[in-house]
Amino acid sequence: SLGRYDVRGPNQRLMKEAAELKDPTDHYHAQPLEDNLFEWHFTVRGPPDSDFDGGVYHGRIVLPPEYPMKPPSIILLTANGRFEVGKKICLSISGHHPETWQPSWSIRTALLAIIGFMPTKGEGAIGSLDYTPEERRALAKKSQDFCCEGCGSDMKIALLPLTSGSDSSQADKEAKELARQISFKAEVNSSGKSLTVPDLNHSLSSSDSPQADTPTTFPDATASTSGQEDEDKTATTLPEPPPPVPKSTSLSPRQRRAQQHSQRGASTSPEVIQTQQLGANRNTDHAGSAALIVILTLALAALIFRRIYLANEYIFDFE
């Protein structure tokens with residue numbers, strides 16, 4: 001039924017994933033609708049040793065045309081007590097958080113994330129519920145009777161019978177680890193910090209995983225310490241205060257006064273020094289003016305004395 005789709009661009013990626021997820025496992029199964037490659041229906045088994053143990057839950061995955069560059073939207077169709085029915089749920093791997101999505105993730109990653117996130121607390125996220133354990137167990141038992149009208153899936157036969165083999169244990173471990181890693185990544189991004197951890201697909205690789213192992217890079221953790229480093233650099237550029245002059249009991253009173261005077265002179269601010277210089281300049285001007293007045297006065301007195309002397313000499317000669 002997938003042969004009529006164009007195999008270019010995102011269609012090629014989706015067709016590859018559809019082929020790898022064609023056969024159901026005992027934990028999950030997903031396939032696109034026959035008339036819409038960008039809408040998938042999935043079925044997941046509730047995680048063991050939880051309030052959802054024994055439940056089989058059905059839902060929709062709506063993929064954007066930009067997939068895998070943008071994340072899918074996930075909607076649960078089976079009542080479960082953890083996610084609202086018929087509403088896009090808020091996970092760090094869903095369309096509500098495009099900033100935490102990575103193109104290396106796949107629909108299989110989303111299925112394992114749903115399983116891994118079911119036992120976690122909703123904490124008021126969009127589409128989350130916090131039913132009591134008793135209510136969730138009752139819904140888990142009731143979920144086995146659900147039949148999807150859209151794709152015709154019957155929960156009694158949608159998945160392979162649950163076994164206790166290594167494959168089942170591995171899928172449970174992958175789901176828990178994925179939920180932990182994605183939650184950690186969302187916390188790191190929201191706080192603005194940086195970190196590098198191994199790609200989730202590396203730890204979740206298996207025979208039906210559509211993705212190769214690719215390193216997942218988060219922002220560099222050293223960015224969180226850049227502010228501290230800047231403060232340290234700023235601190236190192238500030239001038240250090242002059243060391244205190246040790247007191248000596250062997251100095252004479254005159255030496256102590258001279259030392260205090262030199263300290264006060266060294267600590268004088270530029271404004272005080274400038275004021276002192278201006279005052280010195282003014283004193284010099286006043287002294288120069290006073291000397292000029294004295295010189296002029298003496299010259300005038302000498303001139304008057306000369307005139308008197310000449311006048312007396314003239315009178316004496318006349319007589």
Side-chain angles (χ1 to χ4, degrees), residues 1-45 56-78 86 88-89 91-117 146-155 157-160 167-168 170-171 174-175 178-179 181-182 199-216:
S1 60
L2 297 176
R4 65 181 181 276
Y5 289 109
D6 187 358
V7 296
R8 295 173 297 178
N11 289 359
Q12 183 179 7
R13 162 77 177 260
L14 290 175
M15 291 178 66
K16 181 180 179 182
E17 293 192 38
E20 291 169 336
L21 294 172
K22 181 179 179 181
D23 298 326
T25 70
D26 55 357
H27 273 71
Y28 55 81
H29 180 234
Q31 282 290 286
L33 297 179
E34 293 185 357
D35 58 348
N36 188 355
L37 187 60
F38 289 89
E39 179 172 343
W40 291 49
H41 278 225
F42 69 89
T43 304
V44 294
R45 191 181 298 277
V56 182
Y57 306 98
H58 195 71
R60 298 166 56 219
I61 295 179
V62 180
L63 302 162
E66 298 86 356
Y67 178 86
M69 303 310 296
K70 291 187 178 181
S73 298
I74 303 171
I75 304 105
L76 266 294
L77 301 178
T78 307
K88 295 179 181 179
I89 61 177
L91 295 177
S92 49
I93 197 173
S94 70
H96 283 286
H97 289 283
E99 73 280 0
T100 57
W101 169 260
Q102 295 198 45
S104 60
W105 291 345
S106 63
I107 294 176
R108 178 180 182 270
T109 311
L111 299 178
L112 290 173
I114 296 170
I115 298 173
F117 273 107
F146 180 81
C147 183
C148 180
E149 298 179 357
C151 65
S153 295
D154 186 348
M155 298 303 101
I157 58 175
L159 300 177
L160 295 179
D167 292 341
S168 297
Q170 181 64 26
E174 290 176 4
L178 178 61
Q181 293 277 16
I182 293 178
D199 182 328
L200 301 179
N201 288 325
H202 179 74
S203 60
L204 303 175
S205 59
S206 66
S207 59
D208 59 345
S209 175
Q211 299 301 321
D213 296 341
T214 307
T216 298

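When reading the values below, keep in mind they use all heavy atoms of this one structure, side chains included, and skip hydrogens, waters and symmetry mates. Computed from a prediction, not measured in an experiment: that's the story for all the values here.
Between Pro71 and Pro98, the shortest heavy-atom contact is CG-CA, 3.8 Å. Across Ile107 and Leu63, no two heavy atoms sit closer than the pair CD1-CD1, 4.0 Å. Scanning both residues, Trp101 and Ser106, for their nearest heavy atoms gives CH2-N, 4.4 Å. Closest approach of Leu77 to Arg60, counting heavy atoms only: CD1-CG, 3.8 Å. In plain terms, the two heavy atoms of Phe42 and Leu76 that are nearest each other are CZ-CD2, 4.2 Å. Here the closest non-hydrogen pair linking Trp105 and Tyr67 is O-OH, 4.0 Å.
In this structure the side chain of Val44 reaches within 4.5 angstrom of the side chain of Ile115, judged on heavy atoms. Looking at Met155 and Thr43, their side chains come closer than 4.5 Å, going by heavy atoms from C-beta outward. Taking the side chain as every heavy atom from C-beta outward, Val62 and Trp40 never approach each other to under 4.5 Å. With a 4.5 Å cut-off on side-chain heavy atoms, Lys16 and Gln12 do not count as touching.
Side chain of Ser94 to backbone of Ile89: a donor-acceptor contact under 3.5 angstrom is found.
Tyr57 and Arg45 form no side-chain donor-acceptor contact under 3.5 Å, judged by distance and modelled atom types alone.
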For side chain to side chain contact (heavy atoms under 4.5 Å, CB included), just list the numbers for Lys88 and Ile74, CA-CA rounded to whole Å, side-chain angles, deciding distance to a tenth of an Å, and then say yes or no. CA-CA 5 Å; Lys88 295 179 181 179; Ile74 303 171; over 6 Å; no
Take Ser73 and Ile61, measure what side chain to side chain contact (heavy atoms under 4.5 Å, CB included) needs, and give me the verdict at the end. CA-CA 6 Å; Ser73 298; Ile61 295 179; over 6 Å; no
Using salt bridge (Lys or Arg N to Asp or Glu O under 4.0 Å), reason through Arg108 and Glu174 one step at a time and then give a plain yes or no. CA-CA 11 Å; Arg108 178 180 182 270; Glu174 290 176 4; 2.7 Å; yes
How far apart are the C-alpha atoms of Leu21 and Gln31, what are their side-chain angles, what is the distance that settles it, and do they pass the side chain to side chain contact (heavy atoms under 4.5 Å, CB included) test? CA-CA 7 Å; Leu21 294 172; Gln31 282 290 286; 4.1 Å; yes
Could you walk me through whether Met69 and Gln102 satisfy the side chain to side chain contact (heavy atoms under 4.5 Å, CB included) test, starting with their C-alpha distance in whole Å, then the side-chain angles of each, then the deciding distance to 0.1 Å, before giving a yes or no? CA-CA 7 Å; Met69 303 310 296; Gln102 295 198 45; over 6 Å; no
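Partners of His41 according to the ring-ring contact (aromatic ring centres under 6.0 Å, His included) rule, which considers only residues two or more places apart in sequence or in another chain, are His58. Taking Ala113 as the reference, Ile93, Phe117, Leu178, Ile182 meet the side chain to side chain contact (heavy atoms under 4.5 Å, CB included) condition, with sequence neighbours excluded. Applying the side chain to side chain contact (heavy atoms under 4.5 Å, CB included) criterion to Lys70, with sequence neighbours excluded, gives Pro64, Glu66.
Between the CG atom in Asp154 and the CZ atom in Phe146 there is a gap of 10.0 Å [rounded to 0.5 Å]. Taking CG of Leu14 as the start and CG of Leu37 as the end, the distance is 4.5 Å to the nearest 0.5 Å.
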